[in-house]
Amino acid sequence: TLSSAQPPPPSESVTVSVNRSAVLGTTGAGLFSGNFDWHLNDEEPPAWINCSINSMNVSDAKTIYLASQMSPGHLRIGGSEGDVMIYDIGTHTPCKPGFCLSMERWHQIVAFSQETNLKLVFGLNCMYGRANKSAQWDKSNSDMFLQYTAQNKLPVYGFEVCNEKQSQVNADVMADSYHDVHDMLMKYWPDADSRPKLIGPDENPSAGFLEAFLPLVADIIDAVTVHIYTGYG
């Protein structure tokens, strides 16, 4: 049986000296960052009520103030439902309720990131039109979305492709999707200074997947991201 009693105080004093003459390591100013997801109100209520970036009030002064305290960090828009989202531009398959991003809302999201001085990172739906883990995606919806973003000069720090799809998309096939998006970024943002970065693969830690994926995108990817959850990974 474990006792809840507190241990006795130490019987001896200890002096700790800190050498401040040399820095052993630093973190970037943008380390403190946040994420907005696409969860619907009926998903595990009341946890996600009014939390979807597609419906939350991004003009709320308190929300803007609190988010701005993360500046100059990053604001990531993504999560599991990011690979369900459809961008309401051009011709596309029907949207599921709550999972259709209008271009009006896209402008509002970008404006929110600008007002809060956060670098916007947006996760693209890499499962659109993908039949199985070895099948290619239908890139048309993302292509139109990126073209629109560039034409309207909407500032985006970076784009990700897929969210935690290491068990649903083969590494070489996902690499193909990254090359597709890289080609779009090069096409629509010919100026390297304004071009959004390509970031990913946004997967749960899987050494085998990364070992297969990274060599295939080493010459095009700007940053590598993985997700770490308490208890595993």
Side-chain angles (χ1 to χ4, degrees), residues 16-39 51-54 56-82 85 101 105-124 126 145-146 149-150 152-164 178 181-182 184-186 188-206 210 213-214 217-233:
V16 177
S17 298
V18 178
N19 181 359
R20 296 183 295 174
S21 63
V23 177
L24 298 180
T26 61
T27 59
L31 177 67
F32 183 45
S33 301
N35 178 83
F36 285 137
D37 213 315
W38 305 96
H39 292 297
C51 288
S52 170
I53 187 59
N54 212 20
M56 67 181 294
N57 183 4
V58 293
S59 299
D60 177 68
K62 185 176 182 179
T63 302
I64 292 172
Y65 171 77
L66 291 174
S68 69
Q69 301 310 295
M70 294 188 296
S71 173
H74 301 80
L75 174 62
R76 174 183 180 257
I77 307 296
S80 301
E81 288 81 359
M85 291 300 302
L101 177 63
R105 186 60 175 178
W106 178 225
H107 278 266
Q108 294 170 355
I109 292 171
V110 174
F112 178 83
S113 72
Q114 292 292 289
E115 190 164 0
T116 55
N117 193 36
L118 296 173
K119 299 181 179 68
L120 182 61
V121 177
F122 188 90
L124 295 171
C126 79
F145 177 62
L146 293 179
T149 301
N152 285 269
K153 301 185 185 306
L154 300 179
V156 179
Y157 179 77
F159 287 99
E160 298 175 317
V161 188
C162 285
N163 178 81
E164 300 179 1
Y178 270 79
V181 174
H182 172 261
M184 298 176 202
L185 296 178
M186 296 290 288
Y188 297 130
W189 284 271
D191 177 17
D193 291 336
S194 62
R195 184 182 306 136
K197 298 184 182 302
L198 182 57
I199 303 169
D202 260 11
E203 49 100 61
N204 286 338
S206 170
L210 286 176
F213 172 81
L214 291 179
V217 298
D219 59 336
I220 63 167
I221 202 167
D222 295 297
V224 177
T225 54
V226 296
H227 297 173
I228 304 292
Y229 294 90
T230 301
Y232 68 95

Audit row: L198, V161, side-chain contact (heavy atoms from CB on, under 4.5 Å) steps and yes/no: CA-CA 8 Å; L198 182 57; V161 188; 4.1 Å; yes
Where do Y188 and F145 land on the ring-ring contact (aromatic ring centres under 6.0 Å, His included) test, with the steps shown first? CA-CA 11 Å; Y188 297 130; F145 177 62; over 10 Å; no
From CA spacing to verdict: side-chain contact (heavy atoms from CB on, under 4.5 Å), H107, N152: CA-CA 9 Å; H107 278 266; N152 285 269; 4.1 Å; yes
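Between the side chains of N54 and S52, no donor-acceptor pair of N or O atoms lies under 3.5 Å.
Using a 4.5 Å heavy-atom cutoff, the side chains of V121 and F159 are not in contact. In this structure, the side chains of W189 and P196 come closer than 4.5 Å at one or more pairs of heavy atoms. Annotation: side chain of I77 is in contact with side chain of L120 (closest heavy-atom distance under 4.5 Å). Counting heavy atoms from C-beta outward, T27 and F32 have side chains that stay 4.5 Å or more apart. Considering only heavy atoms from C-beta on, F36 stays 4.5 Å or farther from I109 through its side chain. Side-chain contact between L66 and T116 is absent, with no heavy atoms from C-beta onward closer than 4.5 Å.
Under the 3.5 Å distance criterion, the side-chain polar atoms of S33 are matched with a main-chain donor or acceptor of H74. The backbone N or O of I199 sits less than 3.5 Å from a side-chain atom of Y178, completing a donor-acceptor pair. Side chain of K119 to backbone of P72: a donor-acceptor contact under 3.5 angstrom is found. Between the D191 side chain and the D193 main chain, a donor and an acceptor come within less than 3.5 Å of each other. In this structure, the side chain of T63 does not engage the main chain of V58 through any donor-acceptor pair within 3.5 Å. A donor-acceptor pair under 3.5 Å is formed between the side chain of T225 and the backbone N or O of D202.
Shown here is E115, whose CD atom has no more than 12 heavy atoms of other residues, nucleotides or ligands within 6.0 Å.
To the nearest 0.5 Å, the span separating OG on S59 from CG on N57 amounts to 5.5 Å. Distance check: H227 NE2 to E164 CD gives 5.5 Å after rounding to the nearest 0.5 Å. Distance check, rounded to the nearest 0.5 Å: CG of N117 to CD1 of I64 gives 13.0 Å. Atoms OG and CG, from S71 and L118 in turn, are 6.0 Å apart once rounded to the nearest 0.5 Å. Here the CD-CZ distance, from E160 to F122, works out to 10.5 Å after rounding to the nearest 0.5 Å. Between atom CD1 of residue I228 and atom CG of residue N204 there is a gap of 8.0 Å, rounded to the nearest 0.5 Å.
In summary, R76 and D37 do not engage in a salt bridge, as defined by a charged side-chain N under 4.0 Å from a carboxylate O.
For I53 against R105, the heavy-atom pair with the smallest separation is O-NH2, 2.7 Å. Here the closest heavy-atom approach between residue N19 and residue S21 is recorded as OD1-OG, 2.5 Å.
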